[in-house]
Amino acid sequence: MTPVRVRIAPSPTGDPHVGTAYIGLFNAAFARHHGGQFILRIEDTDQKRSTRASEEAIYRSLHWVGLRWDEGPDVGGPCGPYRQSERSAIYQAHCQQLLSNGTAYRCFCTAGRLDAVRAEQRSRKETARYDGFCRDLDRADSDSRASQGESFVLRLRMRQDGDTVVPDALRGQVVYDNRQIDDQVLLKSDGLPTYHLANVVDDHLMGVTHVIRAEEWLNSTPKHLALYEAFGWQPPVFVHMPLLRNADKSKISKRKNPTSLQYYERSGILPEAMLNFLALMGYSRKDEAGADLEKFSYDEFAADLDMTRISLGGPVFDLEKLRWINGLYIRALTPAQLAERAAQWYGQDERAAEIAALVQERVPELGEYMHHAGPFYRGSLDYGCNARFLLVGCAAKKKTAVRLSPAASRGFFETLIAGLEPLIEWTAPAIEEAIRGAIATTPAAVGDGMMAVRVAVCGRPASPPLFESMAAIGRATVLVRLREVCNLLGDPRLLQVAIAAVRQELEATEAALTAALAVPTATPTPQTAVTATGGA
RNA sequence: GCCCCGUUAGUCUAGCGGUCAGGACACGGCCCUCUCAAGGCUGGGACAGGAGUUCAAUUCUCCUACGGGGCACCA
């Protein structure tokens with residue numbers, strides 16, 4: 001029996017995603033279970049969006065959560081290179097093979113024509129797909145046009161009749177009508193492969209036996225199968241995992257959920273708790289009594305793992321339960337271990353010195369250190385009565401201040417997010433520019449806009465310098481907080497609830513005070529008390 | 001619009017023809033308690049709907065509804 005080899009193939013665009021850890025966990029555990037290997041491959045064929053910084057962040061976050069791989073760009077291995085941008089020659093050679101055996105053809109269609117075709121198909125309510133315009137071009141003609149430097153892509157020649165059956169380890173046989181399947185682009189006009197080509201070629205060359213990936217890939221599997229056939233290769237076993245979901249059941253997204261692993265690391269989720277929680281998404285274990293087992297280690301999980309027992313309903317990523325499991329792990333530590341872990345978590349954080357520099361001036365005694373540094377080490381914030389500052393200008397002292405409605409304030413935060421999100425460099429000057437830009441789109445005063453951002457990001461109206469603070473808090477966490485503020489402002493009822501809570505608190509205090517002052521004779525007089533202590 | 005996947009309480013799940021439909025998060029109550037947590041006990045809450053197969057369907061089949069995903073020179 002051939003050894004099990006599995007892989008994850010994240011693309012280095014943006015923050016390391018919780019879904020990558022999820023799929024990584026099941027792949028790694030599966031490999032461990034069967035004594036096989038787990039490979040990390042970087043899918044950076046999208047030149048426009050891939051960055052080296054993101055790639056590094058993926059290594060970091062995956063390591064943080066406790067995943068280790070046997071082969072990868074950073075650790076090497078016998079099937080390298082493990083970065084697809086470094087494998088162009090391999091893909092080119094394989095394309096040549098497909099071109100000569102006729103399973104692929106050059107397509108010279110322009111983007112404009114393709115758009116027009118798609119628009120036309122949509123207006124006729126058909127499945128949008130390539131119309132085959134270049135499918136039957138004469139080969140010699142195609143060769144000469146290519147050699148004259150005309151721009152082209154390479155497309156897979158899909159069979160136009162019959163069905164393709166995708167054997168999925170969890171779903172059985174999934175049948176597709178071949179006429180539904182597009183002539184997929186394999187090689188882009190920049191000469192780089194698309195995911196579909198690179199993925200098949202690499203999986204084969206790297207000896208991957210089981211492809212465990214997210215369900216969103218299920219529909220493109222027929223294309224992959226066609227490629228395996230075109231190359232004359234044996235396809236791997238396919239396992240399509242359910243997609244992690246937002247509370248509204250849509251595919252998990254950063255708009256509706258913190259998806260960055262960095263966010264969880266910084267808000268103090270323990271990596272072992274994160275893995276445990278992720279394992280519970282679609283998988284369950286039982287104790288001797290037959291009750292569901294909620295807490296188990298990665299090793300136990302890997303030993304137990306049976307992929308056929310994965311449940312397919314899309315699991316909602318429930319932060320409440322994550323926090324509960326995290327608490328379970330925290331309580332399982334000895335006090336000494338917890339002290340050690342906590343100190344390590346905030347003291348050896350790579351931003352420790354940066355944060356210290358920011359709060360230094362505001363700390364008269366070390367005891368107040370965490371009060372000021374706290375917001376740098378948290379995930380979501382609780383605004384309480386400071387929520388009023390989130391309404392741009394509304395808490396301003398100047399009578400003439402421009403005051404924005406909740407909706408307008410929300411609009412402001414949305415444009416701010418849009419300005420912050422694409423920043424290449426997450427630095428104070430870049431952040432400042434984005435903030436000033438966003439404020440400029442509103443009639444509010446600069447200072448009032450800044451105050452709203454300060455409270456949104458730091459949770460209170462007093463903080464170290466805003467831009468530097470935001471730089472230190474980090475992009476992932478800043479964006480999560482801003483999105484939560486948008487949600488808050490988007491639903492005024494949430495604000496009402498907050499206001500009601502504050503009012504209740506105040507009224508209770510007032511009532512207690514009034515009651516106490518109304519019965520001065522029932523207690524020893526203040527006079528006596530003062531004298532007594534004063535004389536001691 | 002077309003194609004594919006899914007459907008047990010608000011959420012994560014067990015179940016693989018006969019179960020009082022089990023566990024967990026969250027929620028309510030009680031206990032413990034200097035507070036808050038934690039912990040213990042306890043309560044409410046689910047098989048999407050309809051046909052069929054069967055002595056018997058949550059479980060098998062089909063239809064409907066609902067949810068999700070895909071339909072790019074993004075992965």
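Numbers restart at 1 for each chain; the letters A, B, ... are given by sequence-line order, proteins then strands. A quick note: this is a predicted structure, and the numbers were derived from the prediction, not measured. All values below were derived from every heavy atom in this structure, side-chain atoms included, with hydrogens, water molecules and symmetry-related copies excluded.
Each of D182(A) and Y195(A) was assigned the nucleotide of RNA chain B with the nearest heavy atom; the assignment lying further toward the 5' end belongs to D182(A). For L322(A) and P315(A), each mapped to the nucleotide of RNA chain B holding its nearest heavy atom, the one lying further toward the 5' end belongs to P315(A).
Here rG68(B) presents its P atom at 12 Å from CG of L243(A), a figure rounded to the nearest Å. The separation between D248(A) atom CG and rG69(B) atom P is 9 Å, rounded to whole Å. Following rounding to the nearest Å, R129(A) (CZ) and rC2(B) (P) show an atom-to-atom distance of 16 Å. The separation between Y283(A) atom OH and rG23(B) atom C1' is 16 Å, rounded to whole Å. If you take CG of N199(A) and C1' of rA75(B), they are 10 Å apart, rounded to a whole angstrom. Atoms NE2 (H224(A)) and P (rA75(B)) sit 11 Å apart, rounded to a whole Å. Taking atom NZ of K223(A) as the reference point, atom P of rC71(B) lies 7 Å away to the nearest angstrom.
The phosphate of rA75(B) has neither OP1 nor OP2 within less than 4.0 Å of any side-chain N or O from T13(A). Listed pair R155(A) / rC73(B) meets the phosphate criterion, a side-chain N or O lying under 4.0 Å from OP1 or OP2. Residue K188(A) places at least one side-chain N or O under 4.0 Å from the OP1 or OP2 atom of rA75(B). Between R331(A) and rG39(B) there is a side-chain N or O to OP1 or OP2 distance below 4.0 Å. Under 4.0 angstrom from either OP1 or OP2 of rG69(B) there lies no side-chain N or O belonging to K249(A).
Taking the charged nitrogens against the carboxylate oxygens, K251(A) and E215(A) have no contact shorter than 4.0 Å, which rules out a salt bridge.
Base pairing of rC16(B): no nucleotide in any strand meets the Watson-Crick or G-U wobble criterion (both distances under 3.5 Å). Across every strand in view, rC60(B) sits in a pair with rG52(B) that passes the Watson-Crick or G-U test at under 3.5 angstrom. In this structure rG44(B) sits in no base pair that meets the Watson-Crick or G-U test at under 3.5 Å. Remark: rC66(B) base-pairs with rG6(B); criterion is Watson-Crick or G-U wobble with both hydrogen-bond distances under 3.5 Å. In this structure rC32(B) sits in no base pair that meets the Watson-Crick or G-U test at under 3.5 Å.
For the pair K321(A) and F277(A), the NZ or CZ position fails the cation-pi test of under 6.0 Å to the six-membered ring centre and within 45 degrees of the ring normal. Under the 6.0 Å distance and 45° angle rule, R41(A) does not count as a cation-pi partner of Y82(A). Annotation: cation-pi geometry satisfied between R155(A) and Y130(A) (NZ/CZ under 6.0 angstrom from ring centroid, within 45° of ring axis). Both tests pass for R113(A) against the ring of F133(A): distance under 6.0 Å to the centre and angle within 45° of the axis.
Nucleotides rC12(B) and rA51(B) place their P atoms 29 Å apart, quoted to the nearest Å. Annotation: rA72(B) and rU53(B) have their C1' atoms spaced 45 Å apart (nearest Å). The P atoms of rC47(B) and rU59(B) are separated by 12 Å, rounded to the nearest whole Å. Nucleotides rA14(B) and rU7(B), compared at atom P, are 10 Å apart to the nearest Å. Separation of the P atoms belonging to rA65(B) and rG10(B) is 23 Å when rounded to the nearest angstrom. Separation of the C1' atoms belonging to rU33(B) and rG15(B) is 40 Å when rounded to the nearest angstrom. On the P atoms, rG28(B) is 29 Å away from rG68(B), given to the nearest whole Å. The gap from the C1' atom of rG40(B) to that of rU64(B) amounts to 47 Å, rounded to the nearest Å.
Backbone-only engagement by Y176(A) is indicated by non-hydrogen atom pairs under 4.0 Å involving sugar-phosphate atoms exclusively. Heavy atoms of G290(A) sit nowhere under 4.0 angstrom from any nucleic acid atom. R49(A) comes within 4.0 angstrom of a nucleotide base, judged by non-hydrogen atoms across all strands. Across all strands shown, S11(A) has heavy atoms under 4.0 Å from sugar-phosphate atoms exclusively, and none from any base. Using a 4.0 Å heavy-atom cutoff across all strands shown, Q180(A) reaches sugar-phosphate atoms only and no base atom. Residue G282(A) is in sugar-phosphate contact alone, with no base atom involved, counting any heavy-atom pair closer than 4.0 Å across all strands shown. Using a 4.0 Å heavy-atom distance criterion, V166(A) is classed as making no nucleic acid contact. Nucleic acid contact for V316(A): sugar-phosphate only, since backbone atoms but no base atoms lie under 4.0 Å from a heavy atom of the residue. Nucleic acid contact class of T45(A) (heavy atoms, under 4.0 Å, all strands): sugar-phosphate only.
Nearest nucleotide to the L218(A) side chain, out of rC73(B), rG23(B), rC5(B): rC5(B). In this structure, the nucleotide among rG68(B), rG23(B), rC25(B) sitting nearest to the side chain of A291(A) is rG23(B). When distances are taken from the side chain of N219(A) to each of rG23(B), rU11(B), rG70(B), the shortest belongs to rG70(B). Of the listed nucleotides (rA75(B), rG6(B), rU13(B)), rG6(B) has the atom at the smallest distance from the side chain of L312(A). Nearest to the side-chain atoms of S311(A) among the listed nucleotides rC74(B), rG23(B), rA14(B) stands rA14(B). With distances taken from any side-chain atom of R118(A) to the nucleotides rA72(B), rC74(B), rA24(B), the minimum falls on rA72(B). With rA75(B), rA14(B), rA24(B) as the candidates, the nucleotide lying closest to the side chain of T194(A) is rA75(B).
Each of N27(A), D202(A), D203(A) was compared with R7(A) under the side chain to side chain donor-acceptor pair (under 3.5 Å) criterion, and only D203(A) meets it.
Heavy-atom neighbours of R309(A) CZ from other residues, nucleotides or ligands within 6.0 Å: above the threshold of 12.
Residues W233(A) and H94(A) place their aromatic rings such that the two centres sit under 6.0 Å apart. Taking the six-membered ring for Trp and the full ring otherwise, F30(A) and F38(A) have centroids separated by 6.0 Å or more.
Residue D287(A) places no side-chain atom within donor-acceptor reach of the base of rG23(B), judged by atom type and a 3.5 Å distance cut-off alone.
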